[in-house]
Amino acid sequence: LYYMKTGATIGVPTDLADLRALLLARNSLAKYMRQTDTLPPLLRDRRTCERCWHRHVCMLLHRAKEGGSTASSGLGDLYDKSVSHLNETHLDYFRLWDFLLER
């Protein structure tokens, strides 16, 4: 278990129902990705995204692969904090490696 506020990772006994839900979510994403060439839409929910440990990756993908912006993310400064330091050279580098890995 990863605690966002403290940054600590703590081992917690796994509940079978939680593990099952996690695998179902993973399989749902894999099915979605197999059926389309696009990513699932952003949640555009600041409260959820603030606490998500995938936030930076999600916002990078939105900017680099989907041409996303602060307005299209719906997250305002939270989006800007995650991707504003990236210039076009950084994005091109990411796009190249993403392309090579998807082949």
Apply side-chain contact (heavy atoms from CB on, under 4.5 Å) to F94 and L86, showing your working.
-> CA-CA 10 Å; F94 174 80; L86 300 171; over 6 Å; no
In terms of hydrophobic clusters joined by side-chain contacts under 4.5 Å, are L16 and L22 together?
-> no
Among the clusters formed by ILVMFWY side chains lying less than 4.5 Å apart, do L60 and L42 turn up in the same one?
->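 No, L60 and L42 fall in different hydrophobic clusters.
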Rounding to 0.5 Å, atoms CZ (R44) and OH (Y79) come to a distance of 10.5 Å
When rounded to the nearest 0.5 Å, the distance separating CG of L43 from CG of L75 is 8.5 Å
With a 4.0 Å cut-off, would you call [X] and [Y] a salt bridge?
X: R95; Y: D92; result: yes
X: R46; Y: D77; result: yes
X: K81; Y: E50; result: no

Might you point out which heavy atoms bring [X] and [Y] nearest each other, and give the distance in Å?
X: S69; Y: S72; value: N-OG, 2.8 Å
X: R55; Y: C49; value: CD-O, 3.2 Å
X: M59; Y: L78; value: SD-O, 3.9 Å
X: S73; Y: H62; value: N-NE2, 3.8 Å

Is there a side-chain contact (heavy atoms from CB on, under 4.5 Å) between R63 and L91 once you walk through the steps?
-> CA-CA 8 Å; R63 180 161 180 208; L91 297 173; 3.6 Å; yes
Is the number of heavy atoms from other residues, nucleotides or ligands under 6.0 Å of L24 CG greater than 12?
->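 Above 12, so yes.
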